[in-house]
Structure formats: C-alpha cells, structure tokens
*Asks:* 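This structure is in structure tokens; I'll ask about it shortly.
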Amino acid sequence: MYEGDVLAGNWRRPGKGKIPQVPAELDLVVEDADSGFCGAVVSCDKEAVTLEDRFGKRRLFPLAPAAFLLEGQVVTLVRPAAAARAPRRSASGSIAVEGLRARVARESRIYVEGVHDAALVERIWGHDLRVEGVVVEYLEGVDDLPAIVAEFGPEPGRRLGVLVDHLVPGSKESRIAAQVTSPHVLVVGHPYVDVWQAVKPSVLGIPAWPDVPRGLPWKEGVIAALGWGVEPADAWRRILGSVSTYTDLEPDLLGRVEELIDFVTEAT
C-alpha cells in the first residue's frame, strides 16, 4: 500500500538537482515521457533530438527538462559534447601548421634533377618545406653535380641535399654521386628511371608501369605503351593531378625525401 498518491505533485521534478542530464548519444534508447514514443537517438542538435522506433518511424522532440525516460527513470537529454577535432594533416602525413607563414629560407637547400621532381616534391612536402624554410631547386640532370656542389659551397649551417633519379649500383648516376664527398652534402636517390615511376600505378588506374626497351626515350615509350596519345607535358599533368597524398607514392621515394629534409634542417 502507498502512503499517498504516487502521481501527486510534479513527478518530473522530484527535487532540485535530482534529475540527471544524459548526453543524447547515437543509438541511446529513451522514451518521450508525454507521448510514450520509444526509440533510439539518430540525431541531436542544440534544440531537439530525433528518435527512431523499431518500425523505422522517426519523430522530433525538443530537449526540454525532464522530458524523457531512460530505463524507467526521468532524465533530461542534452546535446553531446563535440568530439575533439583531430589535427589536420598535410599531404606528407605530418601535422599541418594552421595559419602558416613561411619562415625565412635557410641557407641549406635541396636539389632535385628536374622540374617534374620539383613539382612532385612540392605537391607532397610543400607545407613541410615552408614550415622549415627549405627551398627546392632543380638541376636538369646530374652530369655536372660535382661542379654544382662546389659552386654551392657547402659548410656547417649551409647543407645541401640532392635527390637523384635511377641511383642504383653500376649506373652513371651512382658514379657521379660517388664523386661528392663533403660531409655537408647528402646525395640519395630512388631506383626509378624517371620520377614518374615513383607514383603508384594504381593511382593512375594501370596495373604497372610499362617496360621500355633500352635505347628508346622512356617517357615517349611509356605514353605509347599506355595508349595515352598525348605529349609528355600533358601526360605529366595527368600523373601529377592524380597525386594528392603521400600514400600515392612509392616508399623508395618517400623515405629519401624525408631523409633529405631531416639532413638539411638538422642543427650543425
């Protein structure tokens, strides 16, 4: 036997501070106290919550105090706290610096062989290079690399990193690179005939980069084998336009560029 009328008084306010506030998280099942509509939370904004019952019917309810029942208990639904926003990432995968203003350029530099190499490095590491104040220049080949290094004048605090195409044992490029012995210069390279090959074939929707017979111009041979029917400049625009993040590139290039950036920004 009850001592009094259990429905007497304001049952929604059993006492100051006693009605809990519950975040209206997705899939939380509650009942609207007035209508008896029971459903799971499918959305919530600052003013209302949308519930969906087991038949798929949806209804919108205001976020009024003590307006819902959770497991038979009166609760006040509130908008869930916004999840912490993950830091934005640059194309290279590093944490992007918001509101970046490029720092004054260092004396240290990174040299790459050609304009295509420079464009690809800028596409993926441009943000990082501006954060660090590193300028990338292109050489149009490495035949004169020892003289170029001597002209640059590497010394402590003025380092030079060089990225070379087709740097494999026994290649012309490997013999030229071996002539550079300064401790303030780092020469690294990738195994590809051209930097085009550093872009993963899957990014371009091809199974693999074609094999081009020795003696034939490599770029023209690739274009012909793929049936693209365009000039090399147009083919490169197509390739570069398909690249948006470091995952689009082969690890053999990624590792070497990161190594060069670390070298030229290392305190000496």
Side-chain angles (χ1 to χ4, degrees), residues 86-169 171-192 194-200 240 243-268:
R88 188 172 66 87
R89 296 281 175 173
S90 70
S92 71
S94 64
I95 296 177
V97 178
E98 302 293 345
L100 169 68
R101 295 182 62 184
R103 61 174 288 174
V104 175
R106 297 173 184 264
E107 289 191 64
S108 299
R109 291 287 188 273
I110 292 177
Y111 286 173
V112 297
E113 283 206 47
V115 64
H116 292 180
D117 306 69
L120 193 58
V121 169
E122 166 61 26
R123 174 63 61 93
I124 301 302
W125 290 275
H127 178 85
D128 307 63
L129 294 169
R130 283 183 282 279
V131 169
E132 298 292 349
V134 176
V135 174
V136 175
E137 302 178 16
Y138 64 91
L139 307 172
E140 297 189 354
V142 294
D143 290 351
D144 298 322
L145 183 60
I148 291 170
V149 170
E151 182 180 1
F152 177 80
E155 60 184 15
R158 181 178 169 82
R159 291 185 163 194
L160 178 62
V162 183
L163 179 69
V164 178
D165 296 344
H166 199 229
L167 191 62
V168 295
S171 68
K172 176 192 73 173
E173 292 82 1
S174 67
R175 292 190 292 272
I176 294 173
Q179 300 174 41
V180 178
T181 58
S182 169
H184 309 299
V185 179
L186 175 65
V187 181
V188 299
H190 55 74
Y192 309 114
D194 191 277
V195 77
W196 287 18
Q197 286 182 297
V199 177
K200 292 179 179 179
L240 185 63
V243 174
S244 59
T245 177
Y246 72 99
T247 58
D248 295 331
L249 303 182
E250 298 287 1
D252 284 328
L253 177 66
L254 293 173
R256 302 296 74 74
V257 175
E258 296 285 353
E259 189 176 355
L260 289 177
I261 294 174
D262 288 345
F263 178 77
V264 298
T265 57
E266 184 178 282
T268 58

*Asks:* So do Lys200 and Asp248 actually touch side chain to side chain, heavy atoms under 4.5 Å?
*Replies:*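 Not in contact.
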*Asks:* Do other residues, nucleotides or ligands put more than 12 heavy atoms under 6.0 Å from Tyr246 OH?
*Replies:*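 Incorrect, the count does not exceed 12.
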*Asks:* Out of curiosity, His190 NE2 to Asp117 CG, how far, rounded to the nearest 0.5 Å?
*Replies:*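 Rounded to the nearest 0.5 Å, the NE2-CG separation comes to 5.5 Å.
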*Asks:* Do the numbers put Arg158 on top of the ring of Phe152, so that NZ or CZ is under 6.0 Å from the six-membered ring centre and no more than 45° off the axis?
*Replies:*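 Yes, Arg158 and Phe152 form such a contact.
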*Asks:* With a 4.5 Å cut-off on side-chain heavy atoms, are Pro146 and Ile176 touching?
*Replies:*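 Heavy-atom side-chain distance check passes, below 4.5 Å.
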*Asks:* Compare all side-chain heavy atoms of Arg159 with those of Leu186 and state whether any distance is below 4.5 angstrom.
*Replies:*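 Arg159 does not reach Leu186 side chain to side chain.
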*Asks:* Hey, could you give me the CG/CG distance between Leu160 and Leu145, rounded to the nearest 0.5 Å?
*Replies:*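 So the CG of Leu160 and the CG of Leu145 are separated by 8.0 Å.
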*Asks:* I'd like to know if the side chain of Ser94 reaches the main chain of Ser90, judged simply by a donor and an acceptor atom lying under 3.5 Å from each other, with no hydrogens or angles considered.
*Replies:*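 Answer holds: no.
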*Asks:* To the nearest 0.5 Å, tell me how far Leu249 CG sits from Gln197 CD.
*Replies:*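 Here the interatomic distance stands at 13.0 Å.
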*Asks:* Looking at CG of Leu129 and CD of Glu122, how far apart are the two atoms once the value is rounded to the nearest 0.5 Å?
*Replies:*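 That separation rounds to 7.0 Å.
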*Asks:* Keeping Glu113 on the side-chain end and Asp165 on the backbone end, is there a donor-acceptor pair under 3.5 Å?
*Replies:*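 Pair found, side chain donor or acceptor close to backbone of Asp165.
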*Asks:* Are Val187 and Val149 side-chain neighbours, meaning at least one heavy-atom pair lies under 4.5 Å?
*Replies:*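 Not in contact.
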*Asks:* Measure the spacing between CD1 of Ile110 and CZ of Phe263 and express it to the nearest 0.5 Å.
*Replies:*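 Those atoms lie 10.5 Å apart.
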*Asks:* If you define the side chain from C-beta out and look only at heavy atoms, does anything of Val164 sit under 4.5 Å from Val188?
*Replies:*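 A side-chain contact under 4.5 Å is absent here.
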*Asks:* Is there side-chain contact between Val257 and Trp125, with at least one heavy-atom pair below 4.5 Å?
*Replies:*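 Yes; the side chains approach each other to less than 4.5 Å.
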*Asks:* Rounded at 0.5 Å granularity, tell me how far CG in Leu139 sits from CD1 in Ile148.
*Replies:*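 Separation between the atoms: 4.5 Å.
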*Asks:* Is the backbone of Glu259 close enough, under 3.5 Å, to the side chain of Asp262 for a donor and an acceptor to pair up by distance?
*Replies:*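 Pair absent, no side-chain N/O of Asp262 close to backbone of Glu259.
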*Asks:* Looking at side-chain heavy atoms only, is the closest gap between Asp143 and Lys172 below 4.5 Å?
*Replies:*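 In contact.
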*Asks:* Checking Arg109 side chain against Gly161 main chain: does a donor-acceptor pair fall under 3.5 Å?
*Replies:*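 Not at all, since once roles are kept as given, no pair shorter than 3.5 Å links the two residues.
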*Asks:* If we ignore hydrogens and angles and just use 3.5 Å, is the side chain of Ser171 paired with the main-chain N or O of His166 as donor and acceptor?
*Replies:*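 Checked: pair present.
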